[in-house]
Amino acid sequence: MKSDAVKKGLERAPHRSLLKAAGFTDEELARPLVGIANSFNEIIPGHVHLRQIVEAVKAGVRAAGGTPVEFGVIGVCDGIAMNHEGMRYSLVSREVIADSVEIMARAHAFDALVLVPNCDKIVPGMLMAALRLDIPALVVSGGPMLPGKFKGQKVNLITVFEAIGKVKAGEMSEEELCALEEEACPTCGSCAGMFTANSMNCLTEALGLALPGNGTIPAVSSARIRLAKRAGEQVMALLKKKLTPRKIASEAAFRNAIAVDMALGCSTNTVLHLPAIAHEAGLTLPLELFDEISRRTPCLCSLIPAGPHSVVDLHEAGGIPAVMAELAKAGLINKRAKTVTGKTVGDNLKGVKVLDHEVIRPVERPYRPEGGIAILWGNLAPEGAVVKASAVAPEMLHHEGPARVFESEEEAYEAILSRKIKEGDVVVIRYEGPKGGPGMREMLSPTSALIGVGLGRSVALLTDGRFSGGTQGACVGHISPEAAEGGPIALVEEGDLIEIDIPNRRLVLKVPEGELEKRRKAFRPKRKKVKGVLARYAKLVTSGAKGAILEE
C-alpha cells in the first residue's frame with residue numbers, strides 16, 4: 001500500500017505518533033488510507049450540504065475495510081462571483097484545486113481517493129487531479145438543486161439574471177423581482193439547469209469516473225446519501241482491482257463523454273474542461289473532435305436554459321444511463337469502455353430504458369439532428385470559437401450585423417441595460433480571455449440582459465471570454481487567439497460587419513485583408529496590471545482553444 005510510506009516500519013514511528021495525535025488507532029492505520037476531498041463551504045449553495053455527503057462516503061469506506069481521511073478543498077460560486085472582479089478567479093481556481101488535491105494525496109501517501117465536488121470549476125479541478133495522480137479514485141457530487149416555482153412557472157437562477165433586464169425594460173417591477181429571488185433557488189445543490197456544474201457532473205458519469213446517478217440524483221434526495229455510501233464502498237473495490245482513473249478515462253471514454261455532452265446540450269465550458277482533464281491523462285481533445293462528434297450526434301434533450309426540462313426531469317426520465325442507452329442504439333457509444341463500477345459501459349446499460357420520451361427523445365426523433373455545441377472557424381477565430389447551438393433561436397443561426405465593440409464585460413453590460421444596443425447588432429467583448437482578463441470571465445450578466453430587454457432573438461454577442469452554462473442566444477465564446485495575444489478580435493472596429501453562420505461553422509470579419517494588415521501593424525495589446533495568483537496565471541495560461549491549461 002502507498003500509505004505504508006507513512007505508517008509502516010521502525011523508521012515510521014514519528015509518523016505514526018503524529019497520526020495517533022490526530023486520533024487514529026493502530027487498527028485504523030493497518031487499513032488502507034482513503035483521502036476524501038471535501039469541497040464544503042458555507043457560501044456555495046451546491047456545497048453547503050457536502051458534510052453530510054462526506055459522512056456517507058466515510059461510512060462506505062469503513063464498511064468496506066478502509067480508513068477515510070477527510071481534507072478540505074476550496075471552491076468558488078460562479079453565480080456570486082459573476083459580473084465583478086471575483087469572476088477572474090473562477091477558472092483560475094480549477095488549477096488551484098487540482099494542485100491542492102495532488103499535494104494532499106502525495107504528501108500523505110493516500111492509497112485511494114473519493115472526490116466530493118459539485119459546482120463549476122471544482123468538478124474538473126478534482127478530475128484533473130485524479131488523472132494526474134492515477135491512484136484508485138472516483139467522484140461523487142452533491143447533486144442538482146430542485147427548480148423553483150414562481151407564478152406557476154418553473155424558475156431558476158438564470159430566471160433572476162434575465163429578470164434584471166425585464167425590470168430595466170419595464171416588463172417587471174422591482175417588487176416582483178424581489179419575490180422571484182426568494183423562490184428561484186429553493187434548495188441546496190448545483191443550479192437546476194444543464195449549466196456548467198450539472199454538465200460536468202453528468203459528463204463525469206459518462207466518462208466512467210462516477211457511479212450511475214451521479215449527475216442527476218437531486219441534492220436533497222436520500223438516494224444521494226445512498227450513492228455516497230456506495231461510492232465509499234466502491235473505491236475499496238477499485239483499490240483491490242488496482243483500477244485507476246487512466247485505465248478508465250481512455251480516448252474511447254472521452255468520446256463517450258463528448259457524445260453525451262452533445263446529446264444533452266451541455267455548457268460550452270465543457271469544451272474547456274474536457275481537454276484539460278484529458279491532458280492530465282496524456283490525451284489530446286482538439287476542437288475538431290468536438291465538432292466531428294457534434295455533427296453526427298443528435299441532441300436528444302431540451303434542458304434549461306435551452307428548453308423547459310430541469311436536471312430533475314432528466315433524472316426521472318432515466319438519467320445519463322438512459323441517454324447513453326439511446327445513443328448506443330445508433331452506435332454512438334463505445335460499450336467496451338471501463339467504468340468505476342468495475343464493469344463496462346455495455347454491462348451497465350443492460351436493461352436500461354428511457355422512462356419519458358419527451359425529456360429524452362428517441363434517436364429517430366431528436367430535438368436537433370446535430371449536437372448541442374458547435375465549433376466555428378474563420379478569419380475572426382483562426383483557432384476556433386464555441387457556441388451552444390441548441391440554445392440559439394432558429395432565426396439567429398445565421399446572422400450578419402455591425403460590430404459594437406467593448407473592452408470589458410462591464411462596458412457592454414451597461415450599454416445593454418441603457419438600451420444603447422439595437423436589433424441586428426453584434427456585441428463584441430474583448431480582453432476577457434485567459435491572459436487578457438486575466439481569468440476568462442463568464443458573460444452571463446450581459447447575455448441575460450440581452451434576453452431580459454428583448455434582444456435575445458436579434459442581437460449576437462462575441463467574446464474571447466466565455467459563458468455560463470446558463471447563457472442562451474447567439475453567443476459565441478472562446479474566440480482564439482484572444483485579443484491580448486493579438487488575435488483578430490483585437491482588430492475589430494465599431495461598425496465592422498461580422499457574419500455568424502452556425503450551420504456552416506463560420507465566423508467572419510468582413511473587412512478586406514489589406515485593411516486588417518494595416519490594423520495589425522498599428523496594434524498594441526492592452527495589458528492589465530495584476531498581482532498574485534492572477535499575474536502568475538496570465539503568464540502561464542494557454543489559449544481557450546487548448547482548454548486554458550497551464551504551460552508546464
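- Applying the ring pair (Phe, Tyr, Trp, His ring centres under 6.0 Å) test to every pair with at least one member in residues 195-237, sequence neighbours left out, gives no pairs at all.
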Open item on the list: One pair to check against side chain to side chain contact (heavy atoms under 4.5 Å, CB included): F71 and N38. What are the steps and the verdict?
Closed with: CA-CA 6 Å; F71 62 93; N38 185 1; over 6 Å; no

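- Residues that satisfy the salt bridge (charged side-chain N to carboxylate O under 4.0 Å, His left out) test with D120, not counting sequence neighbours, are absent from this structure.
- In this structure, N118 and S39 approach most closely via the heavy-atom pair N-OG, 4.4 Å.
- Here R466 pairs with E442 under the salt bridge (charged side-chain N to carboxylate O under 4.0 Å, His left out) rule; sequence neighbours left out.
- Annotation for I80 and I43: closest pair CD1-O, 3.5 Å, computed over non-hydrogen atoms.
- At distances below 3.5 Å, at least one donor-acceptor pair connects side-chain atoms of N214 with backbone N or O atoms of N201.
- Summarising the local packing, CD of E70 is surrounded by more than 12 heavy atoms from other residues, nucleotides or ligands at distances under 6.0 Å.
- In this structure, a donor-acceptor pair under 3.5 Å is absent between the side chains of R368 and S302.
- At least one donor-acceptor pair under 3.5 Å links the side chain of D111 to the backbone N or O of L33.
- Of the listed residues (L332, N334, I293), just one forms a side-chain contact (heavy atoms from CB on, under 4.5 Å) with R255, and that residue is I293.
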Open item on the list: Would L203 and C266 count as a side chain to side chain contact (heavy atoms under 4.5 Å, CB included) here? Give the steps.
Closed with: CA-CA 9 Å; L203 297 191; C266 287; 4.3 Å; yes

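- The backbone N or O of F467 sits nowhere less than 3.5 Å from a side-chain atom of R441 that would complete a donor-acceptor pair.
- Looking only at side-chain heavy atoms (C-beta outward), W377 and E288 come within less than 4.5 Å of each other.
- Residue I122 holds its CD1 atom at 11.5 Å from OG of S141, rounded to the nearest 0.5 Å.
- Here L303 contributes atom CG and S390 contributes atom OG; the two are 8.5 Å apart, rounded to the nearest 0.5 Å.
- Across all their heavy atoms, P136 and V235 have their closest contact at O-CG2, 4.1 Å.
- Looking only at distances, no side-chain donor or acceptor of D347 sits under 3.5 Å from a matching main-chain atom of K343.
- Atom NZ of K247 sits in a crowded spot, with more than 12 heavy atoms from other residues, nucleotides or ligands closer than 6.0 Å.
- Using modelled atom types and a 3.5 Å distance limit, the side chains of T447 and T471 yield a donor-acceptor pair.
- Applying the salt bridge (charged side-chain N to carboxylate O under 4.0 Å, His left out) criterion to E482, with sequence neighbours excluded, gives no partner residue.
- The side-chain hydrogen bond (donor to acceptor under 3.5 Å, both in side chains) search around E280 returns R132, not counting sequence neighbours.
- Looking at S199, its side chain does come within 3.5 Å of a backbone N or O of S267 through a donor-acceptor pair.
- Remark: the backbone N or O of S90 is paired with a side-chain donor or acceptor of S93 at under 3.5 angstrom.
- Closest approach of N156 to I158, counting heavy atoms only: OD1-N, 2.8 Å.
- Screening residues 32-55 for salt bridge (charged side-chain N to carboxylate O under 4.0 Å, His left out), with sequence neighbours left out, gives E55-K58.
- The pair D313-K154 meets the salt-bridge criterion, since a charged nitrogen lies less than 4.0 angstrom from a carboxylate oxygen.
- Under the 4.5 Å side-chain criterion, counting only non-hydrogen atoms from C-beta, T542 is not in contact with L550.
- Residues satisfying the side-chain hydrogen bond (donor to acceptor under 3.5 Å, both in side chains) criterion with D464, sequence neighbours excluded, are absent altogether.
- Defined by atom type and a distance below 3.5 Å, a donor-acceptor pair is missing between the side-chain atoms of R224 and H49.
- Between E292 and R296 there is a salt bridge, since at least one side-chain N of the basic residue sits less than 4.0 Å from a carboxylate O of the acidic one.
- For N269 (side chain) and T196 (main-chain N/O), no donor-acceptor pair under 3.5 Å exists by modelled atom type.
- When atom types are taken as modelled, the side chain of H47 and the backbone of C119 share a donor-acceptor pair closer than 3.5 angstrom.
- Partners of E358 according to the salt bridge (charged side-chain N to carboxylate O under 4.0 Å, His left out) rule, which considers only residues two or more places apart in sequence or in another chain, are R361, R365.
- Looking only at distances, no side-chain donor or acceptor of E432 sits under 3.5 Å from a matching main-chain atom of G437.
- Under the side-chain hydrogen bond (donor to acceptor under 3.5 Å, both in side chains) criterion, the residue pairs touching residues 228-244 are D134-T244, with sequence neighbours excluded.
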Distance-only check: which donor-acceptor pairs under 3.5 Å involve side-chain atoms of residues 320-330, not counting sequence neighbours?
from: E326; atom 1: OE1; to: K329; atom 2: NZ; distance (Å): 3.3
from: E326; atom 1: OE2; to: V363; atom 2: N; distance (Å): 3.2

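- Atom CD of E551 has more than 12 neighbouring heavy atoms from other residues, nucleotides or ligands inside a 6.0 Å radius.
- Using a 4.5 Å heavy-atom threshold, the side chains of P212 and E205 count as touching.
- Residue pairs satisfying the ring pair (Phe, Tyr, Trp, His ring centres under 6.0 Å) criterion with at least one member in residues 287-325, sequence neighbours excluded, are absent.
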Open item on the list: What verdict does the side chain to side chain contact (heavy atoms under 4.5 Å, CB included) test give for V476 and T463, after you've listed the backbone C-alpha separation in whole Å, the side-chain angles of each residue and the deciding distance to 0.1 Å?
Closed with: CA-CA 6 Å; V476 182; T463 182; over 6 Å; no

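- If you take CG on D99 and CE on M128, they are separated by 8.0 Å, rounding to the nearest 0.5 Å.
- In this structure, CG in L115 is found 8.5 Å from CD1 in I36, a value given to the nearest 0.5 Å.
- The distance from the CD1 atom of I360 to the NZ atom of K353 is 14.5 Å, given to the nearest 0.5 Å.
- Judged purely by distance below 3.5 Å, without hydrogens or angles, the side chains of S468 and D78 never pair a donor atom with an acceptor atom.
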TODO: Begin from the C-alpha positions of M194 and C202 and carry the test side chain to side chain contact (heavy atoms under 4.5 Å, CB included) through to its verdict.
DONE: CA-CA 9 Å; M194 192 50 70; C202 289; 3.9 Å; yes

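- Side-chain contact between P362 and H357 is present, with heavy atoms from C-beta onward closer than 4.5 Å.
- Once rounded to the nearest 0.5 Å, the distance linking CG of L444 with CE of M82 reads 4.5 Å.
- Residues passing the side-chain hydrogen bond (donor to acceptor under 3.5 Å, both in side chains) test with R295 are D291, sequence neighbours excluded.
- Between T270 and I373, the shortest heavy-atom contact is OG1-CD1, 3.7 Å.
- By the neighbour-count criterion of 12 heavy atoms within 6.0 Å, atom CD of E383 is densely surrounded, having more than that number from other residues, nucleotides or ligands.
- Judged by distance alone, with hydrogens and angles left aside, the side-chain atoms of T297 form no donor-acceptor pair with the main-chain N or O of G371 at under 3.5 Å.
- Shortest non-hydrogen contact noted between L283 and S250 is CD1-C, 3.9 Å.
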